[in-house]
Amino acid sequence: MIKIRKMMLLLGVLGCYLAAGAQDFIVPQTNINTKGYPHVLPDNSVEFSIRSNEDLSQMKVSLDPACRFEKQADGTWLAHTKPLVPGFHYYWFTLGGMDLSDPASKSYFGCGRMTSAIDIPEEGCSFYNVKDVPHGRVSIVTYFSKVRKAYATMYVYTPASYSTGSKRYPVLYLQHGGGEDESGWTLQGKTNHILDNLIAEGKAKEMIVVMSNGNISVPGAGFGYSIQGMKGFEEELTEVIIPYVDQSFRTLPDPQHRALSGLSMGGGQSFFVGLQHTELFSYIGVFSTGVFGGIRETKAFDAEAAMPGLLSQHEKYNKALKLFYISVGTDDPRLSHTQEAVSSMRQSGLAVTFNTFPGDHEWQVWRKSLHDFAQKLF
């Protein structure tokens with residue numbers, strides 16, 4: 001109890017960050033404060049400064065395994081990470097075997113828990129920033145799921161024009177990855193800003209974007225990258241979410257105006273559920289999924305075995321789908337497996353649009369994937 005109490009006291013002082021000196025740095029948008037620490041230096045390394053009477057010499061920063069806090073002459077503790085790639089990074093401090101969030105940074109649901117994060121800007125990359133354009137609205141919608149037998153929430157983006165007139169809109173169903181939830185594509189992915197900017201630039205059609213919680217399974221089905229493993233999400237999406245959205249929003253309720261995409265786990269859901277239901281979707285996007293390999297849980301990929309008829313009846317899919325889109329990061333362990341799968345599907349006659357973006361298995365790649373995919377819809 002004493003040890004836990006001391007940890008809680010330490011957690012309380014972690015927010016006592018010092019004002020930064022006359023140094024060239026960037027204050028990330030993920031900071032709760034608008035000055036000071038943590039901050040990003042010109043080489044994309046990150047500095048943390050904490051005022052504490054505790055010994056923090058063994059406190060680790062998850063962003064850099066070798067990084068430790070060092071005591072300064074003024075009594076503060078300073079940690080300086082290695083240079084990091086641009087993009088969104090979850091992180092935490094570890095001391096005495098306990099992981100601690102950083103009160104100076106916003107926390108997000110990722111890694112299966114609420115976790116601090118820092119967003120390192122990428123030079124020349126502003127497509128997901130807030131700009132002086134008409135802004136849409138993100139609503140948090142509560143609905144009852146007969147599949148879950150419980151209430152659930154979804155985040156729904158409607159474009160700026162939705163609040164006036166009676167126009168109907170196409171719908172993109174956009175799924176998060178494992179360890180995240182329905183808030184991810186808005187808070188981490190900046191979906192609303194991406195769509196606002198694309199629509200204002202005339203690069204994307206006005207659309208509704210539905211972001212639901214894909215963490216669902218049905219009794220006896222288990223979970224995994226397979227038709228059976230995605231059964232729970234399939235039932236939730238087709239029997240509950242789509243009917244609810246079509247009833248509650250001004251949609252164009254036909255497959256030509258409906259798309260399904262997702263990242264990682266959500267990409268697997270898009271692959272298995274979208275390809276089974278071409279009567280519902282004409283556009284399918286698969287971002288950085290482990291379906292094709294590159295993760296421990298996945299065996300060698302066989303497209304025909306995974307989705308019977310996908311190759312042997314490829315003409316049917318080519319006719320039904322206006323777009324079958326796959327993307328992955330250039331540093332993602334899934335890259336080579338995804339490239340092989342795309343090559344195999346193309347050689348069999350299946351039409352696939354493929355793209356890569358710099359980065360690993362992370363949000364900067366997924367933001368760029370959405371930015372590219374959205375421009376090809378409807």
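It should be emphasised that the depicted structure is a prediction, and the values quoted were computed from it without experimental measurement.
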Participant: With a 3.5 Å distance limit and no angle check, can you tell me whether S248 reaches the backbone of Y244 through a side-chain donor-acceptor pair?
Facilitator: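 Yes; judged by distance alone, with no hydrogens or angles, the pair exists.
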Participant: With a 3.5 Å cut-off and no angle check, do the side chains of E234 and H277 form a donor-acceptor pair?
Facilitator: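 Judged by distance alone, the side chains do pair up.
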Participant: Using the salt bridge (Lys or Arg N to Asp or Glu O under 4.0 Å) rule, collect all pairs that involve residues 123-139, keeping only residues at least two apart or in two chains.
Facilitator: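 Found none.
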Participant: Does the side chain of H257 pick up a donor-acceptor pair with the side chain of D254 at under 3.5 Å?
Facilitator: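 There is such a pair (donor and acceptor under 3.5 Å, judged by atom type) between the side chains of H257 and D254.
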Participant: Does R367 come within less than 4.0 Å of E122, counting only side-chain N to carboxylate O?
Facilitator: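 No, R367 and E122 are not salt-bridged.
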Participant: Checking ring pair (Phe, Tyr, Trp, His ring centres under 6.0 Å) against H371, which of F287, Y128, W366, F127 comes through?
Facilitator: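 For H371, the ring pair (Phe, Tyr, Trp, His ring centres under 6.0 Å) check succeeds only for F127.
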Participant: Quick one: side-chain hydrogen bond (donor to acceptor under 3.5 Å, both in side chains) pairs with a partner in residues 165-184, sequence neighbours left out?
Facilitator: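 Sorted pair list: Y90-E180, T153-E182, S161-Y169, K167-E206, Q175-S212, E180-W363, D181-S183, E182-N213.
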Participant: State, yes or no, whether a side-chain contact exists between L263 and S288 at a heavy-atom distance under 4.5 Å.
Facilitator: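 Result no, sub-4.5 Å side-chain heavy-atom pair not found.
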Participant: Please check if any side-chain donor atom of S105 sits under 3.5 Å from a side-chain acceptor atom of Y91, or the reverse.
Facilitator: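 Short answer, yes.
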Participant: Before giving the answer on ring-ring contact (aromatic ring centres under 6.0 Å, His included), spell out for Y283 and F378 the whole-Å C-alpha distance, their side-chain angles and the decisive distance to 0.1 Å.
Facilitator: CA-CA 8 Å; Y283 304 83; F378 313 124; 5.2 Å; yes
Participant: Picking from I208, V210, I242, what satisfies side-chain contact (heavy atoms from CB on, under 4.5 Å) with T251?
Facilitator: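 Looking at I208, V210, I242, the match for T251 under the side-chain contact (heavy atoms from CB on, under 4.5 Å) is I208.
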Participant: F324 and F301: same hydrophobic cluster, using ILVMFWY side-chain contacts below 4.5 Å?
Facilitator: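 In one cluster with F324: F301, yes.
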